[in-house]
Every structure is written in C-alpha cells, then in structure tokens.
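In the text below, chain A, chain B and the rest are named by the order of the sequence lines, each starting its count at 1.
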Amino acid sequence: MTYNTHTIKELEEKWQKFWDAQKIFKADQDASKPKYYCLEMFPYPSGKIHMGHVRNYTIADCMARFKMAQGFNVLHPMGYDAFGQPAENAAIKHNTDPAKWTYACMDQMRVELKRMGFSYDWNRELATCDKEYYRWNQWIFTKMMERGLAYKKTSSVNWCPQCETTLANEEVIQDQCWRCKTEVTQKDLNQWYLKITEYNEKLLEDLKTLEHWPSRVIAMQENWIGKSYGVDMYFNVKDAEETITVFTTRPDTIFGATYVVLAPEHPLVDGLIQGSADEDKIRAFIEKVGKESKSLRMSGDQKKEGTFTGRYAINPVNNEAVPIWIADYVLMDYGTGAIMAVPTHDQRDFLFATEHGLAKRIVIQDAKNSDLTEKDMTCAFEEEGALVNSGQFDGVNSRAAIKSIGEWMEQEGAGKMTVHWRLRDWLISRQRYWGTPIPVIYCEACGVVPVPEDQLPVELPQDIKITGEGGSPLAQCPEFVNVQCPKCQADARRETDTMATFFDSSWYYLRYCSAKNDKEVFDKKEAAYWMPVDQYIGGIEHAILHLLYSRFFTKFFKDLGLVDFDEPFVRLLTQGMVLKDGEVMSKSRGNTVDPDSIIARYGADSLRLCILFAAPPEDQLEWNDNAVDGSWKFLSRIWNLVHNRYVDGVDDNITKDQMDQADADLERERNVTIKKVTEDIEKYKFNTAISSMMILMNSVDKYKFAEGSAIKQGILNRVIKTLVILLSPFTPHMSEELWQKFGNKEKSIIASPWPICDEGALKQETVQIIAQVNGKLRAKFQVAASITEAEVKELVLADAKIQSFVDGKPLRRFIFIPGKLANIVI
RNA sequence: GGGCAAGUGGUGGAAUGGCAUACACGUUGGACUUAAAAUCCAAUGGCCGUAAGGCCGUGUGGGUUCGACUCCCACCUUGCCCACCA
C-alpha cells in the first residue's frame, strides 16, 4: 500500500472508528495510575473549525496522548460555549431560531473535530445552552445571592436608542452602535452584578502560587486587579459642613495641591453648586459629560474640560483655600471620585491648570537640576527629587516622603492610608435572549425572590422571534414574564435579563468531571479526583477575563465547601495566533485557510504535524500551504521505511557486544532522540521534538545495512519501532496503522509504553573538542572522552594551524571546558 | 503614557555564555524517466580568492567576559495587553 490522499483518508477514518468503538479515550477513576486532566478552551460553535482551533486542540491532543503513553489516567474532554450573541445575529440573518442554528453548528463542528483524530472522551461532551447545564448556572447564581455575592445596582451603561439594548464596550465603534450606526448614549439601568471584588485580595495573592503560568498573564491579571496603596485625604469645604475625600498615591505632593477636582457624578456636586451664580452653566456641563459615551470619556488624548464651582476647599496640611472644580477627566468609579490637583507634578493636572489659568507650585526639585520654576515648566516633573515648599518636610526625598507624609497625616487626622483597587464588580445582566435566564422573580409584596432550587431550571422559551429591535426579546413574552411569586403566590414578574456568557465558561471544567450528573452542580468526589486541571491551553485573548472569572468561581466553590483547592489551572499555555501573509487569519480579512481542505488533500496527520512543526506554540504562526508538503514528505518516508525495511519476527534485543561502530552510533542516536522528544514535549517544544525525529530518520537512511544480517535487522527494527511510538502523539492515525505491522493486531498503540532513554547508551568514546585562539574558532580535534586538560593543551599547542595564529606570542591563559573546547588566550 | 513580548539566511525557525543558521520550506544542479510527477543524491549567509584559505555577519550603539544571538545599559522597529486609574 502506498501513502496517498486516498489511502490516508481511509486509514484515518478506520482508526477514528476504532478509537470510538473501543472507547479508548473514555476516562474513569483509576487508583492504580496518576491522573492527568488536559483541557483546552472550549469553542464557540460557529460551525466550521478554523486554524486557531486546529492549533489549540492539536497542541492539547499531543500533550494528552503523550501523557496516556506515559501511563497517566488522562481526562481530555470537549464541549461548546454555546450561548451568546452571534447565534442571535445568525437567527436574524437567516430568519431561524438561535437554538436550531446553534445545535446545527455543534453537529458540524463535532464531525470536524473527530476528523482531526483528537482523543476526546465524547461521553462528557457538554453545551452551555443545554438546560441540563444552564440550570446549574442558575443554581450557582442563587447560591451567590444567598451569600450577597450577586446583587442589583443601578449604573450607567452604553445604550443604543435604535436597538433599545445595552452594548458592551467592544460593541461601541467610534461612539456608534456597531449594528445600526446610531450614536450611542449613556443610560442608567438597574442590573445584576457579581461581587468579585470580595475576592480581590485572594485573587491577587494566589497569583504567586501559579508557577507554571506565563509571566505575562500573571502581569496582566495583576494590572487588572490593580492594587494601589495611597492616602485618602480630607479637604473640608470652606463655609460648609461637607468634607471632600480625595485619594492619591502621591501624598508627597500634597503641599503643591492648588485645586481640587470632583467627577461630574460626585454626590457632593449638587449641594456645592446650588445657588451659585453660574449654576445653570455648570449643570449644562455636567449633563453634557453625562451623555458622552464611556469610550470617548476614557480616551486619554481628549482635551480636558471642566468648570469652577465657585466654592473652595481647605488643604488640610497648610489650611490654604483652594478652588473646587468639576472636570471630565476625573472618574467617579475609581478612588473616591475626587482628586487633589498638583499641576507641577502630574501631567494631566498640568495640562488642565495651564488651560484654565490655575495656580502651580513646585514642591519637588530635581537633584541634578534644582532650579525648576513654575514659569519655565513645559510639562509636569514626575520624577523623584527633594521636597521644597513643604513645611517640615523640606529636603526629604520624595519617595521617602510618600510614607512619612502619609503617616503624619494619619496622626493628625487629616487623612488615612488606604488601598484602592482597579477591579470592579462584574456586570452580568444582558438584555438578550440567547443566554441563561437570571433565576429571579419580582414580587410587589416580597421583593426580589430567587427561584427555589426545586423549580430550576428557568427554561428559555422556545420559538421566540429575534428581530434585534425593541429591547429584550424575553420582556415581550408574556408567558415567560408573568408568574406567581414562589413565596406568596401573588402575581409577579420574572427577570427578563440573561447572564453574560462568561458566567457559563467560569466553571465548565468542573462540570466535565461529572458531565451527566443531574443531582448536583458537579460530583464532589469526581472533582476531587480529577481537579485541578493539570494543563490548560487556549488563546491569550482570555488572559484576563475568562481566567480571572474562573479563578473567582473556584474560590467561591471552595467557600461553599464543594472543592478543597484554591486555583483551577496548574499549568497554562497560551498559544499564539495563526497569521496569513503577516496578518491575523480572520473571516473579516478574508485570508482564512479552511482546515478541511488541507485534511482532504494531506490528511489530519500531516496537518497536525505541520502546525506543531511550524513554530513554538506560544509564538505567532505564519501559515504557509507549502509547509504541509514537508510534513507529508516526512510521513511518506516513515511509511516507506516501515514497509520496506522492517522485517517482522527478528529479535531486536541486540546487546552492546554484538554491535559494530555504526550500530552503536545508531543505537546512541535512538536514545538521544527518545530523551529529546520526551523532554521537549514536556516543555511545549514540539517543533524541536519533531526535528529530532527527522534527524533520526535521516540517520536511519544513511545507516549501512548488510542484507541478511540478523543483528543489523534487529537494530533497524528497534529504531523503526521507536520512531513510530515517538510519533504517535503527533500523528496518531499513521502510528496506529504502522504499529499493527509490528504484530500488534488488536491493541492500540496507546497501550504500548513510552520508550525510556538508556542513559548508558548516550556515552561516547570520543568527543570533538573545538580549539579557539582568543575566542575565535581555529581548529577541531576528535579525542578520547577521557582526555585530560594537560593532554589537550599539548595537542592543541602542537597543531600547526593553531601555531600559525599564536605566531610566537606568549600564552596568557588556557581555558578548558571538558568535552567541549579549549581556548588559547594570547 | 504604562506593562509585556519579539527582532537571526530568500522563508518558517534552531542554538539561552562555548562550532551562528540544526530541522524544514524554497531555489539551483544531477540521477531515474520517452516525458512529467513522485523519489533519490548534491549544493545553498555575504564579500575576497584559481585554490588552500581569509575577512565580515544574529535590529542600532556601547559595556561585561578568554569567549556574547545569548548577560547588562541606551536607542530604533514591530506586535500584544492596559490606559485621563489620581
């Protein structure tokens, strides 16, 4: 049989059926083996898989099969992140139902995933849009309500007046609705939040335990949580009872505070401006800022606008009266919504003060350039220096003053050292149809009532017409909205918002442990056995939100007593994007390559090998159609090698004394390759693992083979078998087929043990020493491995070529690295 | 503005203090063939040289070292993430 497009298709289908029928990948608890939970981020079922999926899942599959071969009890599940807006858009576009569309997509995707030969335990397949799944979303939500972690709050959100729906920040494109291009406004809505901030300290602290996460993901999470130490300072309003609390991380600049700024939404604003001569003007300004979309307001390059309130506040350290302003560059949802402004040492304050003619006072002088003046300043001086104009703190280093002024103010009752966090509570309400209904009922008498556990799930009504207009589709469905209060049986209204889909994906890895369990959210014993996930693999785009939310859920489950660990994912690998012609492969760019077309021509094995060989998994991968040819060629060579050179029934247990030099060299290379492939897979270096197998293949080709020699044939058989097993995590279909040729008729190659490197066989009789003169390569010597430094020195110095470079100059130093090099310094 | 990553032949990449360019793609030449495909063999960083060989060479400039793609400092470029965060 030759290796061609036709045979490969047949062969791959045959083995996919075999794995299915034999239930090879069905995972069950097994006390006799160590467990290994290998997980990839489940896909959104858009129908076809793309190269990004292929890359992600091939990496995971290689890992999973490698661990199986090493004797681990591997759990490797797959499912679908099936709720979400694209299904609603598709429903509108194709005039169909989101459920129908989604389930059809999942059916198509399952076929494509199977065609790749991934080692999934399909018994555990789940879809978040199944009511058997989302019912537990609702259960988790009610548990969070019980503990005060799910609560309702009114806040300002992006709102499209045309579509009558809220928009996520990503859906606002240049202040317009991405769908209908209408100008986006802000609207106050009463919505559900999860109190993730309750866990901010733990979420930050436990990052330290994640030794096997990429450091940049840790850094991104740290920044996102954003713990900052500073001082809350109390500025009394002049001629009034109120106190403005400002937050600053730079208490060392307090003597330079020349005005105070409040966010337009600050609760004290209303009282302060009442009766002011400019009250109408000020209110108009506040209203204008209130309408601005968040993205515009938050973009740093916009000109800072503001207005004076007519009132003054007292700087607590020097009793100076400073004007109180309102400005759009101060945000209500960070710190206290109020700042002290120090134009000389903060660039934003500098720009604002210059624009509006506000006072500046230098309080830090640069050590090197100590003649800064307010007049000459063209930008704020934000570096370290010595304090001036700062009372008893004059001359103190500014960095030291951050602490000492903070402490002093606390003693004086003028402030308090505090910590502020960037992390906000998580808004989960969505005015959409295709998501988990929030399980809450509003009763006039009883208030907000969670749906009791025995009445879950609150099912999504079927056959809803999605138009994308007129607000939430569920709100227009009276059978859904009108219910009886579970407590008092009076007429009541059901919540019509659904949950953000990030909720669904925050705990699916736990559900896989007992995916069919209809009694509880997950089986505690199964979770205790399989969790935490040993290897998690997915895109860097989920570095913050999904991973943070999952960590939050895990900590919540621990508090509920359902799990006994703090972190869900032990090792994390974030794979790079797949590019075509230097750009990210995407539908909108029209530069996609369909994996199916590659499989049809070359088979899944070549595609798998190619995508792992082309680049290290964390790097971007530049897709090149020609590269598949290289993988194909290599697999053909392996195929032909087994068919032409392997002879069944020959004893391959050749001992060292039976080998000549060529045999020993090949045997040594076989062991080098075992070691290299084993270590490289563990370190995610699939590309070099593959190249080392190619090197071994090349050596086999060059191996001098004597026809009829049982010893040579034994050596050859052994190296061929090793190659086939080492390849099995990468190209499982072909490896299974070839494995059969070795007389393993009924058993999968997965049951065969991973080869072990014989360290003894790695030893070499002779080694190559490179000789340098002043660090430059000048000669090479083949010497006995046991050679001494003195012997090398003598040998090297005697060499004519070396002598020509030494040129009679005196030897200053001789550096010798055993087995590697000798360097002559003259 | 802040944080992080990366920069090596025609291309993807290898080497993480010790032979720069492993492995592969591509290209060129050769074998086989009526021919093509496939396959196999050989060559393949630049410059100088008939050759032996020499010199240069890992974004730029400096430094450390016997020795630097690798470590340190500064800069340039690209990518990603965050960003009026006080």
Asks: Closer than 4.0 angstrom, basic N to acidic O: yes or no for A/R399 and A/E384?
Replies: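 A salt bridge is present here (some side-chain N lies under 4.0 Å from a carboxylate O).
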Asks: Rounded to whole angstrom, note down the C1' distance from B/G1 over to B/U11.
Replies: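 The same atom, C1', in both gives a distance of 37 Å.
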Asks: Any base atoms under 4.0 Å from A/R637, or only sugar-phosphate, or nothing? Heavy atoms, all strands.
Replies: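 Answer is sugar-phosphate: A/R637 comes under 4.0 Å of backbone atoms only.
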Asks: State, with a plain yes or no, whether a side-chain heavy atom of A/L612 is found less than 4.5 Å away from one of A/C62.
Replies: yes
Asks: So, does A/K776 get its side chain near the phosphate of B/C56, meaning an N or O under 4.0 Å from OP1 or OP2?
Replies: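 For B/C56, OP1 or OP2 has a side-chain N or O of A/K776 closer than 4.0 Å.
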Asks: Would one find a side-chain N or O of A/K580 under 4.0 angstrom from OP1 or OP2 of B/G12?
Replies: no
Asks: Base, sugar-phosphate, or nothing for A/L821, non-hydrogen atoms under 4.0 angstrom?
Replies: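 Base: the residue A/L821, judged by heavy atoms under 4.0 Å, touches a nucleobase.
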Asks: For B/G26 and A/K633 - does any side-chain N or O of the residue sit under 4.0 Å from the phosphate oxygens OP1/OP2?
Replies: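 A/K633 to B/G26 OP1/OP2: side-chain N or O found under 4.0 Å.
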Asks: Looking at A/R250, does any N or O in its side chain come under 4.0 Å of the phosphate oxygens OP1/OP2 on B/A86?
Replies: no
Asks: Which listed nucleotide (B/C66, B/A24, B/A86) is nearest to the side chain of A/N823?
Replies: B/C66
Asks: If you check the A/D328 side chain, which of B/C84, B/G3, B/A86 turns out closest?
Replies: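 Nearest to the side-chain atoms of A/D328, counting from C-beta on, is B/C84.
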Asks: Check this one for me: any side-chain N or O of A/R422 less than 4.0 Å away from OP1 or OP2 of B/A83?
Replies: yes
Asks: Looking for any heavy atom pair under 4.0 Å, which part of the strands does A/A614 touch: base, sugar-phosphate only, or nothing?
Replies: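 The residue A/A614 makes sugar-phosphate contact but no base contact.
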Asks: Contact class for A/K801 vs. all strands (heavy atom < 4.0 Å): base, sugar-phosphate, or nothing?
Replies: sugar-phosphate
Asks: Closest approach to the side chain of A/L777, judged atom by atom: which nucleotide of B/A20, B/C82, B/G12 is it?
Replies: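 Closest of the options to the side chain of A/L777: B/A20.
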Asks: Any base atoms under 4.0 Å from A/F816, or only sugar-phosphate, or nothing? Heavy atoms, all strands.
Replies: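 No contact.
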Asks: From B/G18, B/C81, B/C66, pick the nucleotide closest to the side chain of A/V825?
Replies: B/C66
Asks: In whole Å, measure the gap between the C1' atoms of B/G57 and B/C19 for me.
Replies: 15 Å
Asks: Quick check: any donor-acceptor pair below 3.5 Å linking the side-chain of A/E222 to the base of B/G3?
Replies: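 Side chain to base: no pair present.
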Asks: Does B/A38 have its OP1 or OP2 closer than 4.0 Å to a side-chain nitrogen or oxygen of A/N4?
Replies: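 Checking B/A38 against A/N4, no side-chain N or O comes under 4.0 Å of OP1 or OP2.
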Asks: Choosing from B/C82, B/G12, B/A86, which nucleotide comes nearest the side chain of A/R348?
Replies: B/A86
Asks: Evaluate A/I364 against A/F255 for side chain to side chain contact (heavy atoms under 4.5 Å, CB included), listing each step before the verdict.
Replies: CA-CA 10 Å; A/I364 299 171; A/F255 288 89; over 6 Å; no
Asks: Would you indicate which nucleotide in B/G3, B/G18, B/C84 comes nearest to any side-chain atom of A/I817?
Replies: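 The nucleotide sitting nearest to the side chain is B/G18.
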Asks: Distance between the P atoms of B/U70 and B/A20, in whole angstroms?
Replies: 14 Å
Asks: Counting only pairs under 3.5 Å, give me each side-chain donor-acceptor contact of residues 768-779 of chain A, with atom names and distances, residues two or more places apart or in other chains.
Replies:
unit_1 : atom_1 : unit_2 : atom_2 : d
A/N774 : OD1    : A/I826 : N      : 3.0

Asks: At under 4.0 Å between heavy atoms, what does A/K676 touch on the DNA or RNA strands: base, sugar-phosphate, or nothing?
Replies: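 Since no nucleic acid heavy atom lies under 4.0 Å of A/K676, the category is nothing.
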Asks: Is the A/W426 ring parallel, tilted or perpendicular to the A/F552 ring (thresholds 30°, 60°)?
Replies: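 Perpendicular.
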Asks: A/K780 side chain: which of B/C19, B/G79, B/A14 is closest?
Replies: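 For the A/K780 side chain, the nearest candidate turns out to be B/C19.
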Asks: Counting Watson-Crick and G-U wobble pairs only, both distances under 3.5 Å, name the nucleotide matched with B/C80, or none.
Replies: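 Base partner found: B/G3.
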Asks: Just compare B/C4, B/A86, B/G13 and give me whichever is closest to any side-chain atom of A/A615.
Replies: B/G13
Asks: Taking any strand in view, what nucleotide pairs with B/A74 in a Watson-Crick or G-U wobble way, both distances under 3.5 Å?
Replies: B/U60
Asks: Say we look at B/U33 and B/G46: how far apart would their C1' atoms be, to the nearest angstrom?
Replies: 38 Å
Asks: Where the side chain of A/Q620 is defined as all heavy atoms beyond and including C-beta, which of B/G13, B/C84, B/G79 is the nearest nucleotide?
Replies: B/G79
Asks: Could you tell me whether A/F613 contacts a base, only the sugar-phosphate backbone, or nothing, with contacts defined as non-hydrogen atoms closer than 4.0 Å?
Replies: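 It contacts base atoms.
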Asks: Considering only atom P, compute the distance from B/A74 to B/C82 and round it to an integer number of Å.
Replies: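 Between the two P atoms, the distance is 27 Å.
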Asks: Which part of the nucleic acid, if any, lies within contact of A/D619, taking any heavy atom under 4.0 Å across all strands shown: a base, the sugar-phosphate backbone alone, or nothing?
Replies: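 Touches nothing.
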Asks: Let's see if you can work this out: which of B/G54, B/C23, B/C19 has an atom nearest to the side-chain heavy atoms of A/R778?
Replies: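 Out of B/G54, B/C23, B/C19, the nucleotide with an atom closest to A/R778's side chain is B/G54.
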Asks: Would you mind classifying the nucleic acid contact of A/G226 as base, sugar-phosphate or nothing, using non-hydrogen atoms under 4.0 angstrom?
Replies: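 If one applies the 4.0 Å heavy-atom cut-off, A/G226 turns out to touch nothing in the nucleic acid.
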Asks: Could a donor-acceptor pair under 3.5 angstrom be found where the side chain of A/Q772 meets the base of B/C66?
Replies: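 Between B/C66 and A/Q772, which were checked side chain against base, a qualifying N/O pair under 3.5 Å is absent.
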Asks: Anti or syn, where syn is a glycosidic angle within 90° of 0; which label fits B/G57?
Replies: anti
Asks: Applying a 3.5 Å limit to both distances, which nucleotide forms a Watson-Crick or G-U wobble pair with B/C47?
Replies: B/G54
Asks: Applying a 3.5 Å limit to both distances, which nucleotide forms a Watson-Crick or G-U wobble pair with B/A20?
Replies: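 Looking at the geometry, B/A20 pairs with no nucleotide.
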Asks: Check every strand shown and say whether A/N687 touches a base, only sugar-phosphate, or nothing at a heavy-atom separation below 4.0 Å.
Replies: sugar-phosphate
Asks: So which heavy atom on A/R551 is nearest to which on A/L207, and how close?
Replies: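 Looking at all heavy atoms of both residues, the closest pair is NH1-CD2, 3.3 Å.
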Asks: Rounded to whole angstrom, note down the C1' distance from B/A38 over to B/C56.
Replies: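 Pairwise C1' distance, B/A38 against B/C56, rounds to 41 Å.
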Asks: Knowing that exactly one of A/Y3, A/Y646, A/F634 qualifies, which makes a ring pair (Phe, Tyr, Trp, His ring centres under 6.0 Å) with A/W639?
Replies: A/Y3
Asks: Report the distance from atom CZ of A/F235 to atom CG of A/L262, rounding to the nearest 0.5 Å.
Replies: 11.0 Å
Asks: Taking atom C1' in both B/A6 and B/C55, compute the distance separating them and give it to the nearest angstrom.
Replies: 31 Å
